[in-house]
2 protein chains.
Amino acid sequence: MPAPAHRRSYRREGEEKRRDDLIAAAMSLVAEGGPEAATVRAIAARAGVTPGLIRHYFQSKEELTHAAYRHVMESMTQEAVRAVETLPADDPLSRLAAFIAANFRPPVMTPLLVGVWAGYMHLGRNDPVMHAIHEATYLGYRDRLQALIAALPRPSDPARDRREAIACNALIDGLWIEGGSLPDSFDPGEVTRIALDGIGAMLGVTFPATAYPATAYPSLPDRKTNP
Amino acid sequence: MPAPAHRRSYRREGEEKRRDDLIAAAMSLVAEGGPEAATVRAIAARAGVTPGLIRHYFQSKEELTHAAYRHVMESMTQEAVRAVETLPADDPLSRLAAFIAANFRPPVMTPLLVGVWAGYMHLGRNDPVMHAIHEATYLGYRDRLQALIAALPRPSDPARDRREAIACNALIDGLWIEGGSLPDSFDPGEVTRIALDGIGAMLGVTFPATAYPATAYPSLPDRKTNP
DNA sequence: ATGGAAGTTATACGTTCGAACAATAAGGGA
DNA sequence: TCCCTTATTGTTCGAACGTATAACTTCCAT
């Protein structure tokens, strides 16, 4: 077997870009083919580098997996938090509605993100680091949801708030999995409306019409309003 | 390395028992350590046989995986169906409640079953056989739920029934995942009560008290009623 | 220009996986 | 009781995996 005539040429990139590229490559591979498809060779090929480079930026493949999972979970929580913090504190109903709705549009409810979540979720059962990442994001999410529920203008009842937070969290999770797995089975905005209607019914409140997504289909070719 | 002096002795078993043992071994390994822990060697060891025997009963490891996944999904659907068909058709409220409650007690809501579901769920994204098994059980489940909702004594509205079936299915899924993953975070029967209260609120109905699980904790050592 | 640090490639190693296959023990029918 | 089918074992094989490491290329400082 003759020695290769030439090495392939390459460009040097900053550390941040390389790490982001490798994480994005790992995420997309997991979303498409599950964790077993995210081999170091496949990740490197998708990122446009050679396998050895992974070990230059991550001590092990496990460390890259942790970084990718943390990126996925944090991006979802940050998106919901960002949707809330722009609203005034004296409008708890709109704040809760915005928190809910943020989960059912990109970049949170996408096949890629649901696929990565599905591929990685069982790893939290044994890997302590993955479990810690999962707990920090997941329970933090539910606590924040319970705080938004407790802020509603009605008599205080912490035990009821806990039960309702559990129920609302479960409904959001189930709808997110369904909507992200089968995006073509729902009209635009339909999942959001189902979530707001269902949670409103469970909490005994009615969310303002402004909290709902704009009606998606005039279903007529001529639209008076734009995008 | 000397040839082994003696082969280990063994007993011949019927085909059905061997297949069941291998499926159960694969399921428990997936529940504990994810799909990557369910190697042919580990499965054979747990079933008390040698790896070669797997290929005697299944053409490939993939075929064993399909059999195990089908067993998991079918056992869950059968359990919910069985809970309904013992109730009279003229009591749709109790039938719906029984269908819901069946998902939140053994043998459906167990860490093992949730773990197997989590470990296998991402395989449905690429493997056509797994996808078919998933669709046949999952959509069949939701259709049956929608039929029970449509049978409620109230004005007919198929579009509303569809939206409510989606919401109820999502709530059941989310609670089942939570309750099965963290069984110690809930009191006995608490998940069932949350599900019945939440679904009742979303549908605008009140389930009869007989549909709820018996209060679990007298929290006093002396109980008047039995086990 | 040029030297040197560091990013990147290419190759190799040891392990483990699913699979294949020949050898053997077991148990029922004649 | 013997024999023949077959359930089961023990071993081996090629492929692919994560990891390790030396050699090469790029690019900035000088």
Side-chain angles (χ1 to χ4, degrees), chain A residues 1-23 25-26 29-30 33-68 119 123 126-127 129-130, chain B residues 1-23 25-26 29-30 33-69 119-120 123 126-127 129-130:
Chain A
M1 197 182 303
H6 299 301
R7 292 194 159 207
R8 64 186 260 193
S9 68
Y10 60 90
R11 288 197 342 163
R12 292 185 155 198
E13 298 284 358
E15 171 174 344
E16 196 170 351
K17 169 161 171 49
R18 283 288 190 231
R19 290 179 65 98
D20 289 351
D21 284 351
L22 289 169
I23 288 173
L29 281 165
V30 170
E36 69 272 17
T39 66
V40 291
R41 288 166 176 80
I43 294 170
R46 180 155 301 194
V49 298
T50 51
L53 192 62
I54 291 180
R55 301 286 320 282
H56 189 264
Y57 288 107
F58 299 94
Q59 273 202 344
S60 65
K61 185 202 173 187
E62 193 181 23
E63 190 178 304
L64 169 56
T65 298
H66 293 161
L123 295 181
N126 297 315
D127 185 329
V129 177
M130 295 289 275
Chain B
M1 198 183 303
H6 299 299
R7 291 192 160 206
R8 65 188 258 196
S9 69
Y10 59 90
R11 290 197 340 158
R12 290 190 162 196
E13 299 285 358
E15 172 174 341
E16 196 170 351
K17 169 161 172 47
R18 282 286 189 235
R19 290 180 64 97
D20 288 351
D21 285 351
L22 290 170
I23 288 173
L29 282 165
V30 170
E36 69 273 18
T39 67
V40 292
R41 289 167 175 81
I43 294 169
R46 180 156 298 193
V49 298
T50 50
L53 191 63
I54 291 179
R55 301 284 321 284
H56 185 73
Y57 287 107
F58 299 95
Q59 272 201 342
S60 65
K61 186 203 172 187
E62 193 182 23
E63 190 178 304
L64 170 57
T65 298
H66 292 160
Y69 186 62
Y120 281 158
L123 295 181
N126 297 314
D127 185 329
V129 177
M130 295 289 275

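These numbers come from a predicted model, not from an experiment. Chain letters run A, B, ... following the sequence lines, proteins first, then strands; residues in each count from 1.
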Checklist line | Sugar-phosphate only, base, or nothing, as touched by A/Thr39 at under 4.0 Å among non-hydrogen atoms | finding: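 A/Thr39: backbone/sugar contact only, no base atoms under 4.0 Å.
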
Margin query: Over all strands shown, is A/Glu13 touching base, sugar-phosphate only, or nothing at heavy-atom distances under 4.0 angstrom?
Written below: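 If one applies the 4.0 Å heavy-atom cut-off, A/Glu13 turns out to touch the sugar-phosphate alone, with no base involved.
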
Next item on the list: With sequence neighbours left out, write down each residue that passes salt bridge (charged side-chain N to carboxylate O under 4.0 Å, His left out) with B/Arg46, or none if nothing qualifies.
Entry: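 Scan of B/Arg46 (salt bridge (charged side-chain N to carboxylate O under 4.0 Å, His left out), adjacent residues dropped) gives B/Glu32.
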
Next item on the list: Return the set of residues passing salt bridge (charged side-chain N to carboxylate O under 4.0 Å, His left out) with A/Glu36 (not counting sequence neighbours), or none when no residue passes.
Entry: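 Applying salt bridge (charged side-chain N to carboxylate O under 4.0 Å, His left out) to A/Glu36 gives none.
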
Quick one: [X] [atom1] to [N] [atom2], roughly how many Å, whole number?
X: A/Lys61; N: C/dT16; atom1: NZ; atom2: C1'; value: 14 Å
X: A/Glu36; N: C/dT16; atom1: CD; atom2: C1'; value: 16 Å
X: A/Ile43; N: D/dG18; atom1: CD1; atom2: P; value: 7 Å
X: A/Phe58; N: C/dT8; atom1: CZ; atom2: P; value: 13 Å
X: A/Ile54; N: C/dT11; atom1: CD1; atom2: C1'; value: 16 Å
X: B/Arg41; N: D/dT9; atom1: CZ; atom2: P; value: 15 Å
X: B/Gln59; N: C/dA20; atom1: CD; atom2: P; value: 10 Å

Checklist line | For A/Ile43, the option from A/Leu53, A/Thr65, A/Val30, A/Leu29 that meets side-chain contact (heavy atoms from CB on, under 4.5 Å) | finding: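 Single side-chain contact (heavy atoms from CB on, under 4.5 Å) partner of A/Ile43 among A/Leu53, A/Thr65, A/Val30, A/Leu29: A/Leu29.
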
Margin query: If we ignore hydrogens and angles and just use 3.5 Å, is the side chain of B/Lys61 paired with the main-chain N or O of B/Ala38 as donor and acceptor?
Written below: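 Yes, because the side chain of B/Lys61 sits within donor-acceptor range (under 3.5 Å) of the backbone of B/Ala38.
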
Checklist line | Criterion side-chain contact (heavy atoms from CB on, under 4.5 Å) on A/Asp127 and A/Glu62, from CA distance to verdict | finding: CA-CA 10 Å; A/Asp127 185 329; A/Glu62 193 181 23; 3.4 Å; yes

Would you say [X] reaches [N]'s phosphate, i.e. side-chain N/O to OP1/OP2 under 4.0 Å?
X: A/Arg55; N: D/dA20; answer: yes
X: B/Tyr57; N: D/dA7; answer: no
X: A/His56; N: C/dT8; answer: no

Note to self: Using side-chain contact (heavy atoms from CB on, under 4.5 Å), reason through B/Asp21 and B/Glu13 one step at a time and then give a plain yes or no.
What the structure shows: CA-CA 11 Å; B/Asp21 285 351; B/Glu13 299 285 358; 6.0 Å; no

Next item on the list: Go through the N and O atoms of the side chain of A/Arg18 and the base of C/dG7, and report whether any donor-acceptor pair is under 3.5 Å.
Entry: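 A donor-acceptor contact between them is absent.
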
Notebook entry, point to check: Could you run down nucleotides 21-30 of chain C 5' to 3' and tag each one B, S or - for protein heavy-atom contact under 4.0 Å?
Noted result: --BBBBS---

Notebook entry, point to check: Taking for each residue the nucleotide of DNA chain C with the nearest heavy atom, is it B/Glu62 or A/Glu15 whose nucleotide lies nearer the 5' end?
Noted result: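 Going by which nucleotide is closer to the 5' end, it is A/Glu15.
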
Note to self: If I take atom OH from residue A/Tyr57 and atom CG from residue A/Leu22, how far apart are they, to the nearest 0.5 angstrom?
What the structure shows: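 The CG atom of A/Leu22 is 8.0 Å from OH of A/Tyr57, to the nearest 0.5 Å.
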
Item checked: B/Leu53 side-chain proximity, nearest of D/dT12, D/dA20, D/dT8 ->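 That would be D/dT8.
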
